[in-house]
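One structure is given here, and the rest of the page talks about it.
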Amino acid sequence: MGGGGCNSGALVMVMGLCLVVTRTAEVGSAWDAAHATFYGDMRGTGTMEGACGYGDLFEQGYGLETTALSSVLFQDGKTCGSCYEIQCHNSSQWCLNSTIHATATNFCPPNYTKSTENWCNPPLKHFDLTQPMFRKIAVYKAGIVPVVFRRVPCIRTGGIKFKIEGNQNWMLVLVYNVGGAGEVVDVKVKGSSTGWIQMSRNWGQNWQIMSNLLGQSLSFQVTASDGKMVESDNVAPDNWQFGHSYEGNQFDK
Ligand SMILES: *[C@@H]1O[C@H](CO)[C@@H](O)[C@H](O)[C@H]1NC(C)=O
Ligand SMILES: *[C@@H]1O[C@H](CO)[C@@H](O)[C@H](O)[C@H]1NC(C)=O
Ligand SMILES: *[C@@H]1O[C@H](CO)[C@@H](O)[C@H](O)[C@H]1NC(C)=O
């Protein structure tokens with residue numbers, strides 16, 4: 001996809017205007033251009049789980065309002081949990097006049113051996129939506145449409161949730177239902193008899209430490225890409241268990 005009538009690589013044509021493309025799209029950034037397709041069926045089958053490490057997206061509150069991102073948008077999973085407003089670009093005859101919101105939950109992998117339908121290859125910006133979301137912005141038979149999008153704050157019900165997995169020597173925590181910027185950049189954990197311990201990203205929004213805090217109540221500090229931090233004290237009681245989720249505080253609206 002070229003820049004349409006725009007003469008610089010840093011400019012993109014959106015609704016007839018040349019806009020400067022920001023390197024990392026944060027909440028509040030301008031509309032940008034991309035394309036959208038869909039995967040899975042009308043019930044979202046095939047779109048659960050995914051490269052961000054989430055599980056049952058219905059149980060976790062994301063539902064069908066999710067998307068897989070191409071490499072340049074996915075950024076190795078850093079943008080998992082970020083939220084987008086997406087509209088079909090009216091240059092396509094297949095557009096429907098509506099706006100959707102979707103949370104990044106999966107990765108649309110590049111395929112360098114394909115000469116067609118390789119829209120998730122760098123440097124393309126691409127949303128692979130659930131089928132119900134795609135069909136709100138365009139007719140089914142279009143298959144692929146040009147879109148405009150922007151990052152928006154994530155609206156969530158309830159607090160940030162922490163699902164704890166792992167074993168005796170390793171604790172892996174899935175951080176989900178994150179409001180505000182949605183994109184978690186740092187997580188710290190504290191046991192009732194430890195100080196704050198830095199966690200490292202394992203994959204997607206799964207954060208780990210190489211020790212276990214069994215028998216201690218757990219507190220978390222979650223920092224988002226906008227620099228805001230929310231602390232949740234003693235969210236998991238001292239008898240917390242692997243496989244369970246615990247709910248903390250939420251970023252301000
Ligand atoms: C698309 O929208 C732009 C901006 O609102 C408008 O100027 C243009 O005429 C529209 N194009 C079509 C094909 O409807
Ligand atoms: C699209 O929908 C909005 C809001 O419902 C309406 O104001 C606008 O006129 C519609 N545009 C077109 C081209 O149908
Ligand atoms: C990539 O595309 C080729 C050609 O269509 C296909 O044979 C191959 O299975 C694809 N690879 C993956 C990982 O999907």
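Note that ligands are numbered from 1 as they come in the structure, with each ligand's atoms numbered from 1 the same way. All values below come from the heavy atoms of this structure, side chains included, with hydrogens, waters and symmetry mates left out.
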(request) For the residue pair His126 and His35, categorise the inter-ring angle as parallel (less than 30°), tilted (30 to 60°) or perpendicular (more than 60°). (result) parallel

(request) Work out which heavy atom in Gln198 is nearest to a heavy atom in Ile209; give both atom names and the distance. (result) O-CG2, 3.6 Å

[X]: which other cluster members, linking ILVMFWY side chains closer than 4.5 Å, directly or transitively?
{"X": "Val185", "result": "none"}
{"X": "Met42", "result": "none"}
{"X": "Met48", "result": "Tyr54, Leu57, Phe58, Tyr62, Leu64, Leu174, Tyr176"}

With the criterion set at N/O pairs under 3.5 Å, what does the list of contacts between the protein and ligand 3 look like, atom names and distances included?
residue, atom, partner, partner atom, Å
ligand 3, 2 (O), Asn111, OD1, 3.2
ligand 3, 2 (O), Asn111, ND2, 2.3
ligand 3, 2 (O), Thr113, OG1, 3.4
ligand 3, 11 (N), Asn111, ND2, 2.9

(request) Measure from the side-chain N and O atoms of Gln250 to the backbone N and O of Gly179, and report whether any donor-acceptor pair falls under 3.5 Å. (result) yes

